[in-house]
Amino acid sequence: MSSSTEKKTAPEPPKVSNFLRQIIDHDLAAGTYATRRWAGTPGDAAHHAAGQPDPAKIRTRFPPEPNGYLHIGHAKSICINFGLARDYGGVCHLRFDDTNPEKEDTEYVNSIIDSVKWLGFDWNGSPDAAPYQASDYFGFMYRAAEYLIEAGRAYVDEQTPEQMRANRGDFGKPGVDSPFRARTPAENLARFREMRDGAHEDGSMVLRAKIAMDSPNINMRDPAIYRIRRATHHNTGDTWCIYPMYTFAHPIEDALEQITHSICTLEFEDQRPFYDWLMERLIEGGLLSAPPPKQYEFARLNLTYVITSKRKLAQLVYDHKVQGWDDPRMPTIVGLRRRGYTPESLQLFAERIGVTKSDSWIDYSTLEGCLRETLDGNAPRAMAVLDPIKLVIENWDEVMGVGKGAGEDGSVLDDCTAPVHPHHPELGKRQFKMGKEVWIERSDYEEVPSKGFFRLFPGNKVRLKYGHVIECLGATKNEAGEKTAIRASLIPDTKSGTPGSDSVKVKGVITWVGVNDGVQAEVRLYDRLFTDAQPDAGGKDFIESLNPNSLKVITAFVEPSLATCSADDKFQFERHGYFVADRVDHAAGKLVFNLAVGLKDSWGK
Ligand code: ATP
Ligand code: MG
């Protein structure tokens, strides 16, 4: 059995159009944003009016909330937003949507920065620009709220949360006006300032936009835009005890940053009318410059056997179901990276799944296929034996000569070479030695061969890859009848690459590692984290479908070329799959490899 998996790396696919590209093509052709100005930093209408015509043709943004580590779904969003900016001569902003003081942390901020960089993108127009932070706009947001109050477009509501919920109505039932809805702007302004100054309890009142309690869209029934919350914010400390609601903050963040296309996932579709309403009001009031950003929604990524919710991933970490955010089984970007995923493989995945407006599930094998494809063309090859048993070549000394070799017992060691990569001779050759004893896979021997088994069984000949042909003589067993070694004899003059070496025809080729120069390694074999293809769909408890066999740690032998590899180096272990030197635990003298992906899609087969 030889490794016949070498495939040419797929050529870069042409950029496929999608509905977002069509919108941008149209906007560029129509000059929708041609009059925009940009003052070099985010700001209000006056700030940008004093700036230059915006050199960026479009502005997009990736706005994570720093309340967890980014996952594969965010990678899709990153590739869309940064990819569009790159392809259209625009700029993509990295902005921390940190308007919620309680759940956010600088640990997450730093990991998000690292992940976006690692994926290959820089932001805000230069490789060392600082990310934007929504919390830097709290001052403007407060001013915008006061403006809405003065314009009669917002009021302070002192109903209890229960009353508010009851009076909001529902799908078939219009809402009921709050008794506080008719307050004068002066009265609202006084109350709102008291809220800001800490005169009222958390939750005792909120500021609401005054729109229409009978709107068919419940999001337009006077949504809350500011709440009282005494919490220390990781950026602004205790400056504020009132915080803007996401629906109010987000459009403002986009507008201050002169975003043109604000791309989000479908669950925000119902928020779009409020987004537009708010933009119109603040442009009317001269606070923001026209034209406003526009929101567009795409389908979020759903990947089989994977959960993509920061909250649920946090639960796996804090309940010790995995070993951390960067556990190689996690769909976080740090986990995927440690598993052996490359930026190219994730970008290819994002291209391949495309952008659509309807929800669907992507098969996990699509992601694995992208990794396989991107590694195949350049990962060095190596031999490794994952489930080792010794093969003893009984006539070795007889054939090779005795007492003059470099083996521990003076036996001869035979130099073997193999290409680092079968399609890249320029990468050179690997060197290793065959001796009297080599490690082979336990499964490469069957005492009574099953149908179609061409490897080792008594009387059968196989080639030790890059070495000689051997004939199997059977197995040595202990008293319990367990195999302790496989016996073989070497057929002279069959060394791979020497004249006449193929005079003996064999049906099987097996991989091996020399006992003399093989290096011990810890190998971590990973499998899917869940046994259910949709672990959290329909409110299912995803903890129940955790795969108990998602990690198997074994001791393997690998060829000596791997002894000096570095963390993050990736290899194809011939016949087995793609492996990466673990970026956390691998070190010289303690080799640790993670299974990134098998050679073929074998899941469920
Ligand atoms: P989570 O539920 O995991 O916390 P989120 O949507 O709240 O996700 P944010 O940090 O607010 O996470 O999201 C940053 C950006 O990433 C948003 O624009 C969001 O739409 C996008 N995003 C998040 N999850 C996915 C996904 N599964 N597929 C595509 N885009 C996603
Ligand atoms: Mg969120």
Side-chain angles (χ1 to χ4, degrees), residues 18 20 59-85 92-100 102-105 107-113 115-116 119 121 123 131-135 245-247 249-251 253-254 257 259 261-272 275 293-317 325 330-336 346-347 349-362 364 366-367 534-537 539 542:
N18 58 47
L20 292 173
R59 286 185 185 268
T60 56
R61 85 285 174 272
F62 173 66
E65 190 180 348
N67 61 350
Y69 282 68
L70 298 183
H71 52 63
I72 181 74
H74 295 114
K76 172 178 179 179
S77 178
I78 291 170
C79 290
I80 291 172
N81 282 295
F82 285 90
L84 289 172
C92 181
H93 296 192
L94 173 61
R95 174 207 310 152
F96 289 108
D97 211 330
D98 58 352
T99 53
N100 186 358
E102 285 133 329
K103 293 184 270 167
E104 298 159 2
D105 196 284
E107 176 197 348
Y108 303 134
V109 168
N110 293 332
S111 93
I112 290 171
I113 289 177
S115 290
V116 177
L119 274 173
F121 299 109
W123 49 81
Y132 295 132
Q133 305 187 89
S135 54
M245 305 298 286
Y246 178 85
T247 42
H250 201 85
E253 295 158 25
D254 286 344
E257 294 180 14
I259 300 299
H261 301 82
S262 176
I263 300 161
C264 63
T265 40
L266 282 174
E267 63 271 24
F268 293 100
E269 199 167 359
D270 288 346
Q271 308 275 9
R272 188 169 4 107
Y275 188 110
K294 288 272 177 203
Q295 174 181 303
Y296 303 95
E297 307 89 17
F298 69 97
R300 64 187 286 120
L301 170 68
N302 296 310
L303 190 60
T304 59
Y305 300 100
V306 165
I307 51 178
T308 48
S309 148
K310 279 184 261 157
R311 183 181 58 78
K312 292 175 186 169
L313 294 175
Q315 189 183 336
L316 293 176
V317 173
W325 286 102
M330 288 283 273
T332 50
I333 295 180
V334 286
L336 290 163
L346 297 179
Q347 286 177 21
F349 176 68
E351 287 272 330
R352 191 157 289 172
I353 60 178
V355 187
T356 62
K357 276 192 86 68
S358 57
D359 275 315
S360 66
W361 283 80
I362 302 292
Y364 190 74
T366 307
L367 177 65
Q534 303 184 356
D536 60 347
F542 56 96

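Worth knowing before you read on, the calculation uses all heavy atoms, side chains too, and leaves out hydrogens, waters and symmetry mates. Throughout, numbering of the chain's residues begins at 1 and tracks the sequence. Each ligand, and each atom within it, is numbered from 1 in the order the structure gives.
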Contact (N/O only, under 3.5 Å) between His71 and ligand 1: yes
Heteroatom distance test (Ile263, ligand 1): nitrogen or oxygen, under 3.5 angstrom: no
Ring centroid separation Tyr108 to Tyr69 under 6.0 Å: yes
Check: Tyr296 ring centre within less than 6.0 Å of Phe268 ring centre: no
Element-labelled atoms of ligand 1 that are located less than 4.0 Å from some non-hydrogen atom of Pro64: 10 (O), 14 (C)
Of the listed options Pro66, Ala350, Gly73, closest to atom 26 (C) of ligand 1 (non-hydrogen atoms): Gly73
Heavy-atom closest contact (Phe62 atom, Cys92 atom, distance): N-SG, 4.0 Å
Thr366 (side chain) donor-acceptor with Ile362 (main chain) under 3.5 angstrom: no
Polar contact flag, side-chain donor to acceptor under 3.5 angstrom, Ser262-Arg61: yes
Set of residues satisfying salt bridge (charged side-chain N to carboxylate O under 4.0 Å, His left out) with respect to Arg95, sequence neighbours excluded: Glu253, Asp254, Glu257
Ligand 1 to His74 polar contact by distance, N or O atoms, under 3.5 Å: yes
Ligand-residue contact atoms, ligand 1 with Ser309, heavy atoms, under 4.0 Å: 3 (O)
Where ligand 1 meets Leu301 - atom numbers and elements under 4.0 angstrom, heavy-atom basis: 26 (C), 27 (N), 28 (N), 29 (C)
Contact check, Phe298 vs ligand 1, heavy-atom distance below 4.0 Å: yes
Numbering as shown, the atoms of ligand 1 that approach Thr265 to under 4.0 Å (heavy-atom distance): 20 (O), 29 (C), 30 (N), 31 (C)
Sub-3.5 Å N/O-N/O distance, Asn67 and ligand 1: no
Closest approach of Ala537 to Trp361 (non-hydrogen atoms, all atoms of both residues): CB-CZ2, 4.5 Å
Ligand-side contact atoms (ligand 1) for residue partner Phe62, heavy atom cut-off under 4.0 Å: 14 (C), 15 (C), 16 (O)
Modelled atom types, side-chain donor and acceptor of Gln295 and Glu297, under 3.5 Å: yes
Arg311 to ligand 1, any heavy atom closer than 4.0 Å: no
